[in-house]
2 protein chains.
Amino acid sequence: MDIFLKTIGSINDETRLKILNFINQKGEVCVCDIESAFKMIQSRVSRHLKILKEGGFLKVERRGRWAFYSIRTPLDTFRQSILEEIACLGLEVPTGEFECKK
Amino acid sequence: MDIFLKTIGSINDETRLKILNFINQKGEVCVCDIESAFKMIQSRVSRHLKILKEGGFLKVERRGRWAFYSIRTPLDTFRQSILEEIACLGLEVPTGEFECKK
DNA sequence: ATAATATATCAAGATATATTGATATATTAT
DNA sequence: ATAATATATCAATATATCTTGATATATTAT
């Protein structure tokens, strides 16, 4: 039950829905991409990514200075169905070049 | 997005998970069944049922003095997958006779 | 009509969660 | 080693949610 509530709690937030959907659409993004895409301060982005990771949706891979976040694979069918549902919500997916130097 | 968050928010609570699973297993229960099964005061039960109903999981049918709650049918695949996931959590499902007079 | 039972809603306080700015750590380039 | 960049964590405040007791409404039995 605790794991279930952690999973559900991680997506019970508008900001995290946008971030999760962004990563799901883009494939792989670093924290600074999200910072500039959504114009959020770093500590806020970092905090939400941590919660989504603990919710079982994300994996992180560090390369050089950057931490690249992407959808965890393999993903169980329950979380997959959640991602699909989120993908249908019509959330904004910022595009274009971002400001970070990678 | 608002509907999605309402759905998610409705199951982001331990008490509601237990109640929802109870209804899912029992088929149809009245408010007083839940009161006695979980030893909760009526206002608390009523409030949680309202939230679960607004989350799209429940329907209610009034017959005489009682309001009978059951899983909404037909239920979309997303909410179905959530119910299945909850059913696998091993939550307590109180059994036996309850105190109300129906 | 009155009493008893079932359910819903409101308001207040308690608890949990989100946001922010400041600070800490870690890696890379020079 | 130093500077620059990326990320994580902490503490304080703001905001949202849960619980409870009191009250309101609705139905049934007498």
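Residue numbers start from 1 in every chain, and the chains themselves are labelled A, B, ... in the order their sequence lines are given, proteins ahead of strands.
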Between Arg62(B) and Val45(A), just flag the one whose closest nucleotide in DNA chain D comes earlier from the 5' side.
-> Val45(A)
Does Ser43(A) put a side-chain nitrogen or oxygen below 4.0 Å from OP1 or OP2 of dT23(C)?
-> no
Are Arg47(A) and dT20(C) close enough that a side-chain N or O sits under 4.0 Å from OP1 or OP2?
-> no
Could you check Leu52(A), Val45(A), Val31(A) and say which one makes a side-chain contact (heavy atoms from CB on, under 4.5 Å) with Tyr69(A)?
-> Val31(A)
Testing dT19(C), dT7(C), dA8(D) for proximity to the side chain of Val31(A), the answer is dA8(D)
Asp13(A) has its side chain closest, among dG21(D), dT5(C), dA18(C), to dA18(C)
Is Arg63(B) touching bases, backbone alone, or none of the nucleic acid, heavy atoms closer than 4.0 Å?
-> nothing
With the threshold set at 4.0 Å, does a side-chain nitrogen-carboxylate oxygen contact exist between Lys59(B) and Glu61(B)?
-> no
Please tell me which of Asn12(A) and Ser46(B) maps to the more 5' nucleotide of DNA chain C, matching each residue to the nucleotide holding its nearest heavy atom.
-> Ser46(B)
When the nearest nucleotide of DNA chain C is assigned to His48(A) and to Arg44(B) on a heavy-atom basis, which residue is associated with the more 5' position?
-> Arg44(B)
Quick one: is Tyr69(B) getting a side-chain N or O under 4.0 Å of the dA8(C) phosphate, OP1 or OP2?
-> yes
Over 12 non-hydrogen atoms of neighbours within 6.0 angstrom of CD in Glu28(A) | yes
